[in-house]
Amino acid sequence: MKTMLIYIRQWQEKMKPQPGANPLVVIFSWLVFGFFLILALGLGLLFLLVGWILLLPVMWRKRRELKQMWQFKKAAQQAQRDAQQRYQQQRQQRRDQNDSSVIDGEYTVKDDDHSR
């Protein structure tokens with residue numbers, strides 16, 4: 001903290017006008033400094049605005065790419081779920097074929113309401 005105060009005091013000493021300096025020169029130098037500061041701030045804001053404007057097409061393209069990647073991922077997950085279901089069905093069919101208590105053939109379901 002002390003080094004920061006020393007640093008600030010050094011800058012204050014540097015910024016004080018010399019004892020024999022012309023007051024008009026001091027005012028003029030402050031005006032020029034302020035003008036350059038405002039000019040630099042304006043240029044910085046201009047570059048920031050141009051950067052944002054140029055970033056829009058890049059963001060649009062990346063958005064499309066991300067959307068395509070998301071759709072591909074969704075389709076891949078769906079395909080994986082379908083493959084798992086097919087695998088489970090095939091396993092169940094194989095198990096049923098090997099099970100002697102399961103009888104293969106056609107059947108119809110009769111409702112109890114119609115038989116009464």
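Note that the numbering runs from 1 along the sequence shown for the chain. Bear in mind that the values here come from a model prediction, so they are computed numbers and not experimental data.
- Between Tyr87 and Arg91 the shortest side-chain heavy-atom distance falls below 4.5 Å.
- Taking CD1 of Ile53 as the reference point, atom CG of Leu48 lies at 10.0 Å (rounded to 0.5 Å).
- Hydrophobic clustering (ILVMFWY, side-chain heavy atoms < 4.5 Å, transitive): Phe35 and Ile38 are in distinct clusters.
- Residues Gln90 and Arg94 are in side-chain contact: their nearest non-hydrogen atoms beyond the backbone lie under 4.5 Å apart.
- Considering CD of Gln77 and CG of Asp82, their distance stands at 12.0 Å, rounded to 0.5 Å.
- Checked by atom type, the side-chain pair Gln84/Arg81 shows no donor-acceptor distance below 3.5 Å.
- No side-chain heavy atom of Lys73 sits under 4.5 Å from any side-chain heavy atom of Trp70.
- Between Arg95 atom CZ and Gln92 atom CD the span is 5.0 Å, to the nearest 0.5 Å.
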Go through the steps for Gln68 and Phe72 under the test side-chain contact (heavy atoms from CB on, under 4.5 Å), then give the verdict.
CA-CA 6 Å; Gln68 288 174 349; Phe72 178 74; over 6 Å; no
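- Residue Glu13 holds its CD atom at 13.0 Å from CD1 of Ile8, rounded to the nearest 0.5 Å.
- In the hydrophobic cluster analysis, where Ile, Leu, Val, Met, Phe, Trp and Tyr join through side-chain heavy atoms closer than 4.5 angstrom, Val32 is grouped apart from Ile27.
- In this model, no donor atom of one side chain and acceptor atom of the other lie less than 3.5 Å apart for Gln89 and Arg86.
- The CG atom of Leu37 sits 7.0 Å away from atom CG of Leu41, with the distance rounded to the nearest 0.5 Å.
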